[in-house]
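Below you'll find the structure I mean.
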Amino acid sequence: MAEYDAFFENLQEVPQDEEIRLVIRDLTPGRAKYRCQVVRAKVSSEPSKYPERLWPRLGRGQWVGEPWSIRVVEEVDPIPEAWR
Amino acid sequence: MAYRYYKDNREFIEALRATGDLVTVEPEVDWDLELGAIVRRVCELQGPSPHFKKIKDYPGFEALGAPLATYRKLAVSLGLPAATPIPEIGRAYVERTERGEPLKPRVVDRSRAPCKQNVWTGDDANLFNLPAPMVHDGDGGRYLATWHMVVAKDPDTGEVNWGMYRQMVFDEKTMVGPVLPFSDMGKMFFNKYVPRNQPMPFATVIGMDPLSGVAACAPSPIPEDEFASLLMGEAVEVVKCETSDLLVPAHAEIIIEGEVLPGVWLEEAPFGEYTGYRTSPRERRTVYRIRAITFRDNPILTVSNMGVPTDEGQLLRSFSLSLEMEKLLRSQGIPITGVYMWPESTHHLVVIGTRHAYTGIARQIANLVFGSKLGPWFHMVVVVDENTDIYNKNQVIHALSTRCHPVNGIHVYEGDVGTPLNPFATPAERRMGKGAKVLFDCLFPRDWQPSDIPILVAFDTVYPQEIRDKVLANWKAYGFSE
């Protein structure tokens, strides 16, 4: 199971079970740990609803401690084509 | 005339080793928090710089932590004895930067530029091939650039800027970080490149010689590459980038080249900041797209760890901000006796000593420094008389607590420029970059009668000279050790 984390200003305001755009960080150990990705994904506060694990943090990095789940629909390249 | 200085990070490491201000860390350390935790503890203990010889996942790379986080190390960087008192270090800085003639950097051939020993372009230019540390738990990412400088150039005048703008690794090719609009690079980027929808070439220089780092940290009135020459007494040696015509210090450890993108924003932060807090939240910030990485053999990444005092930013910004303020005030003929910022104030509080030559002098001083280019970086001015030792915390706290009238002596300035990093600022002030400032006037008013002015009761002020001499001469005979 892949594990990610993401930063949210207010967990109560995160839309669940609908496709949203957000930045997640890949927590896989190794050189690329903490790589950020802009993705379209569905998230849920239910830890087993989606196949991957998502650890929420608050806006100033506070560790929430309770895992959520996430399904990544696709990675989005945030850089406009002209600048890639 | 060249002063004694260190042309690269490696000579500086040896100099710190010789003065006992460096520890070689032979066991492997993890870039994921362990390295950062060591550097943090060193900063809090004001200890020797750790030179990490082995970094997990990154064989061949080394790191130097807290390279300039004490006045001892700053003195060494200037070629002075490590134990040089702070006022003397300040005098050396002022003399060199006021009396010298700034020199344009000297371009050297790439064969004489160690930073070109290895060149990565294309897919090899991958930020995850560099050992960016996770500096603090809870940071928004891995910060490759914590003790470094970003080189950029004005597209119209060609004037070069070196500045320290933190950079977080976003992905293999992308870094992101705040570029505040009132900063030198912010003015250049947002006022010139962005309106033309033109990417701004940049080069991030990591592990430069220490005086180039001091220059990049300083609120210099001239381009920092020339300002560095004032500190060194000779021109900085630079070499042309691979992907742009920017010039970078030839002896630096690692160069990351690329472009700052107009109209593109990505999430950055939070980050443990120089104020000692994670204040600015995760927000969309300026994007750096990388094109090439060049580096020396066995490169040594330099790592600062911002947090509670004392780190490089706090110490060097306090040092150079106060001395640039001193130059400004003297240039205006204000009869100041000195300017000092304690690094522990995270360069928010400046103490200015002055002769009380005329009524309103404290406000004039505050208006000048708050209104200058230096103003956004601090918000508290304490003005004391010429008899108060501005470097002596006890004396300044005593003056502040006893001479500053809670109504007449405190003057509040609202609606000024501020930074989003101020922990005390309201969320709205942070969003808009608004600030508030305050002057603590610790001068007894000039319109008081001499007989109204309280007399300072201290050993040096209320005993005749002969009594003081006698007491000092007999101190040990009385039974005291010191």
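Chain letters run A, B, ... following the sequence lines, proteins first and then strands; every chain starts at 1.
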Closest heavy-atom pair and its distance - B:N129, A:R31: OD1-NH1, 3.2 Å
Option that, when pairs with chain A are counted at under 4.5 Å, heavy atom only, ranks first among B:D32, B:N126, B:V169, B:T174: B:D32
Spacing of B:R278 atom CZ and A:L58 atom CG [to the nearest 0.5 Å]: 10.5 Å
Engaged part of A:W83 at the chain B interface, taking heavy atoms whose separation is under 4.5 Å: both
Structural part of B:W265 lying under 4.5 Å from a heavy atom of chain A: neither
NZ/B:K434: more than 12 non-hydrogen atoms of other groups inside 6.0 Å: no
Test item: B:M168 and A:C36 side chains (from C-beta on) under 4.5 Å apart, heavy atoms: yes
Basic-acidic side-chain contact under 4.0 Å: B:D137, A:R57: yes
Separation between CZ of A:R84 and CG of B:L261, rounded to the nearest 0.5 Å: 11.5 Å
B:V176 portion near chain A, given a 4.5 angstrom heavy-atom threshold: neither
Neighbour count >12 (heavy atoms, 6.0 Å) for atom CD, A:E18: yes
Contact origin within B:P131 toward chain A - heavy atom pairs under 4.5 Å: neither
Test item: B:F128 and A:R35 side chains (from C-beta on) under 4.5 Å apart, heavy atoms: yes
Nearest atoms (heavy-atom pairs only) where A:G30 meets B:D57: C-OD2, 4.0 Å
Options B:S280, B:P262, B:A269, B:G263, ranked by heavy-atom pairs under 4.5 Å with chain A, top entry: B:P262
Euclidean distance, B:E283 CD relative to A:F7 CZ, rounded to 0.5 Å: 13.0 Å
Beyond-backbone contact of B:R282 with A:V23, side-chain heavy atoms, under 4.5 angstrom: yes
Heavy-atom closest contact (B:L266 atom, A:P78 atom, distance): CD2-CB, 3.5 Å
B:Y277 backbone acceptor or donor facing A:R60 side chain under 3.5 Å: no
Which atoms of B:N197 approach chain A - backbone, side chain, both or neither, heavy atom under 4.5 Å: both
Side chains of A:Q37 and B:D171 in contact at under 4.5 Å (non-hydrogen atoms): no
